[in-house]
Amino acid sequence: SAVVTGAARGFDLEIARRLVDRGHFVVLCDVDADAVAAAASSLGDRAVGVGADVRDPAALRAVAAAAATPAPVEEAKP
């Protein structure tokens with residue numbers, strides 16, 4: 001898993017996209033909950049968006065919990 005902050009748009013969203021493209025499960029977080037949910041949805045099932053203000057310890061615990069959730073397992077292709 002990887003966590004990308006400020007990932008609702010711009011450079012950080014591109015970082016998240018590249019991580020997903022490389023097979024990582026990515027937790028995107030941003031203070032704009034609606035925008036980060038839409039951004040994560042655009043990346044498919046290997047990404048999840050969490051609305052979080054990085055200045056809020058409780059919000060960061062929610063991000064950490066999302067990152068600790070086991071990533072989807074893909075079946076190996078021959």
Can you measure from SG (Cys29) to CG (Leu60) and round to the nearest 0.5 angstrom? 7.0 Å

Side chain to side chain contact (heavy atoms under 4.5 Å, CB included) evaluation trace for Val63 with Val27: CA-CA 7 Å; Val63 171; Val27 178; 4.2 Å; yes

In a check of side-chain contact (heavy atoms from CB on, under 4.5 Å) between Leu28 and each of Val3, Asp12, Leu43, which one passes? Leu43

So, taking the atom named CD1 in Ile15 and the one named OG1 in Thr5, what distance separates them when rounded to the nearest 0.5 Å? 8.5 Å

For Asp32 and Asp30, work out which heavy atoms get closest and say how close. N-OD1, 2.9 Å

If you compare all heavy atoms of Val50 against all heavy atoms of Ala66, which two are closest, and at what distance to 0.1 Å? CG2-CB, 4.0 Å

Considering only heavy atoms from C-beta outward, does the side chain of Phe25 approach that of Val48 to under 4.5 Å? yes

Mind listing the closest non-hydrogen atom pair of Leu13 and Ala8 along with its distance? CD2-O, 3.8 Å

Shortest non-hydrogen contact from His24 to Arg46? O-NE, 3.5 Å

